[in-house]
Amino acid sequence: MNRIKTLTLACAAATIAVSAASAQARDFRLGLITPAQHLWSTEAEAFAQTLNERSAGEHSVSIFPAQQLGNEAQMVQQLQTGALDMAFLTIAEISNRIPDFGALYAPYLVDDVNHAARLLRSDAAGELLELMPAEVGLIGVGYGMVGMRQVLSRDPIESADDLQGQRLRITPFEPIRDFYTATGAAPAPMPLLEVYDALANGQVDAIDMDFDSILILKFYEQAENLLISNHMMFPMVGVVSGRVWRELSEEDRELIDTAMAEHLENVLVGFEEMDAAQEAEIRALDINIVEADAEFFSDAIAEWESIWAPKAPMLETLRMEADRLRDE
């Protein structure tokens, strides 16, 4: 009788252990706006594979690229409620909610992609991530990016005056809107996947875009004039829902944090490595190219600074760090 009781208890204990393990196992959902072939999306898929392997199959991640779960504002809301577990978000949407993040878009804060990546790896940029749990209910794991911002247009832009009245597609966030408003352009927020048709039908005259997206989505087919200005970097942040984070064990938090950080770093390195080749590829296209520097946008920069220096106190800290990195 004792032997039967012992076996019964052992079976019950095994059942409880299996149930506990199953309760901890999760299929996370990660959303992002980029198409499946974009580096952000491919590294999200790689992150899913890494997390699955390192958790011995306990955790999986389903990736939803190309705005399948909505635009970034909608995804942030889902993250805040716990309906979405993770996301790779442009800093654009975060800056709409935490103005200090707008400092990362200061015109000519950095010189190029390599300088941008070094700043995003810095402790100064890391301080911004620490604002996210209290301000937006998200855990910021780390940064990625795309290349520097350029202006691709249907008609040539040879001086800042040529931007006057141009309907120019932007990502919907305040720092970039304020910059182009200062140039005299008419900023037009628009989802990335609608841009090609908008250029084709004349809905927009120009777009604010990076080399990578210009090539992948072939925007140059509909706009044959490129202003190579490198006027802003365009960071991305990998986040986890704060509600979801609180449900995780310390072990799982460490596992997710480490794995995601590695793939965000791959994004930074990837754009550092691709940038020169992509610029060369674009220069080889049959398009008109004009180059610009900070002097080209001097009036707009001054106006942008007057708006954002008071709103984003971290701007001074980031600029000091960018200057230090520039001198290294």
Side-chain angles (χ1 to χ4, degrees), residues 39 90-92 94-95 98-132 140-151 160 173 175-176 178-180 182-183 208-212 227-238 261-262 264-280 282-283 289-328:
L39 183 59
T90 68
I91 295 296
I94 302 301
S95 71
I98 309 176
D100 260 320
F101 275 90
L104 290 170
Y105 294 104
Y108 294 97
L109 173 65
V110 295
D111 301 333
D112 53 31
V113 164
N114 301 101
H115 192 194
R118 293 200 302 276
L119 182 59
L120 292 172
R121 295 183 182 110
S122 71
D123 290 340
E127 287 180 32
L128 288 171
L129 298 179
E130 296 174 7
L131 302 175
M132 295 182 70
V141 174
Y143 294 103
M145 66 175 180
V146 292
M148 303 294 288
R149 307 311 282 179
Q150 324 295 343
V151 182
F173 69 115
I176 201 165
D178 290 342
F179 174 74
Y180 281 113
T183 69
D208 175 88
M209 198 60 61
D210 56 273
F211 290 147
D212 189 60
L227 183 69
I228 297 182
S229 54
N230 295 313
H231 57 276
M232 286 179 184
M233 66 169 161
F234 200 82
M236 171 265 277
V237 62
E262 288 177 13
L264 292 170
E265 174 63 18
N266 288 348
V267 172
L268 291 178
V269 171
F271 278 103
E272 285 185 285
E273 293 176 344
M274 291 190 300
D275 187 68
Q278 288 178 334
E279 180 172 349
I282 280 180
R283 287 183 180 277
I289 292 177
V290 174
E291 301 195 40
D293 58 15
E295 183 61 29
F296 187 97
F297 292 110
S298 58
D299 291 343
I301 292 171
E303 185 171 336
W304 190 94
E305 293 276 349
S306 72
I307 297 169
W308 280 90
K311 290 172 64 172
M314 275 295 293
L315 177 57
E316 183 177 355
T317 300
L318 288 168
R319 182 167 283 126
M320 290 175 60
E321 182 65 7
D323 290 344
R324 185 188 70 79
L325 293 168
R326 185 180 287 114
D327 295 337
E328 280 189 349

Quiz item: Charged N to carboxylate O under 4.0 angstrom, Glu316 versus Arg319?
Solution: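 Looking at Glu316 and Arg319, the cut-off is not met.
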
Looking at [X] and [Y], what are the two nearest heavy atoms and their distance?
{"X": "Pro310", "Y": "Pro313", "result": "O-CD, 4.3 Å"}
{"X": "Ile301", "Y": "Pro107", "result": "CG1-CB, 3.8 Å"}
{"X": "Thr317", "Y": "Ala124", "result": "CG2-CB, 4.1 Å"}
{"X": "Thr183", "Y": "Ala300", "result": "CG2-CB, 3.7 Å"}
{"X": "Leu120", "Y": "Ala125", "result": "O-CB, 3.8 Å"}

Distance, nearest 0.5 Å, that separates [atom1] of [X] from [atom2] of [Y]:
{"X": "Leu131", "Y": "Ile98", "atom1": "CG", "atom2": "CD1", "answer": "5.5 Å"}
{"X": "Glu321", "Y": "Leu318", "atom1": "CD", "atom2": "CG", "answer": "8.5 Å"}
{"X": "Asp212", "Y": "Met274", "atom1": "CG", "atom2": "CE", "answer": "4.5 Å"}
{"X": "Met148", "Y": "Met233", "atom1": "CE", "atom2": "CE", "answer": "7.5 Å"}
{"X": "Glu273", "Y": "Asn266", "atom1": "CD", "atom2": "CG", "answer": "9.5 Å"}
{"X": "Asp208", "Y": "Gln150", "atom1": "CG", "atom2": "CD", "answer": "8.5 Å"}

Quiz item: Does anything in residues 112-121 pair up under side chain to side chain donor-acceptor pair (under 3.5 Å), and if so which pairs, sequence neighbours excluded?
Solution: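 Listed once each, the pairs are Asn114-Glu272, Arg121-Glu265, Arg121-Glu272.
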
Practice problem: Kindly write out the residues that satisfy side chain to side chain donor-acceptor pair (under 3.5 Å) with Glu130, not counting sequence neighbours, or none if the list is empty. | Solution: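 If we apply the side chain to side chain donor-acceptor pair (under 3.5 Å) test to Glu130, skipping adjacent residues, there are no hits.
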
Quiz item: What is the ring orientation for Tyr108 with Phe297, classed by angle as parallel under 30°, tilted 30 to 60°, or perpendicular over 60°?
Solution: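 The arrangement is tilted - the two ring planes meet at 30° to 60°.
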
Quick one, [X] and [Y] - any side-chain contact, counting heavy atoms below 4.5 Å?
{"X": "Ser229", "Y": "Phe296", "answer": "no"}
{"X": "Asp100", "Y": "Glu127", "answer": "no"}
{"X": "Ile91", "Y": "Phe173", "answer": "no"}

Quiz prompt | Those residues that, when tested against Phe234, pass ring pair (Phe, Tyr, Trp, His ring centres under 6.0 Å) (two or more places apart) | solution =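 Expected list: Tyr105.
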
Quiz item: Is there a donor-acceptor pair under 3.5 Å between the side chain of Trp304 and the backbone N or O of Pro175?
Solution: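 The answer is yes, because a donor-acceptor pair under 3.5 Å joins these two groups.
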
Practice problem: Count the heavy atoms belonging to other residues, nucleotides or ligands that lie under 6.0 Å from CG of Asp123, then report whether that count exceeds 12. | Solution: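 No, CG of Asp123 has 12 or fewer neighbouring heavy atoms, counting only those of other groups under 6.0 Å.
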
Exercise. Check each of Val267, Val113, Asp210 against Val146 using the side-chain contact (heavy atoms from CB on, under 4.5 Å) test, and report the only one that passes.
Key: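 Only one of Val267, Val113, Asp210 forms a side-chain contact (heavy atoms from CB on, under 4.5 Å) with Val146, namely Asp210.
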
Exercise. Step by step, work out the side-chain contact (heavy atoms from CB on, under 4.5 Å) result for Val237 and Phe101.
Key: CA-CA 11 Å; Val237 62; Phe101 275 90; 5.7 Å; no

Exercise. Please test Ile94 against Leu128 for side-chain contact (heavy atoms from CB on, under 4.5 Å), starting from the C-alpha separation and ending with a verdict.
Key: CA-CA 11 Å; Ile94 302 301; Leu128 288 171; over 6 Å; no

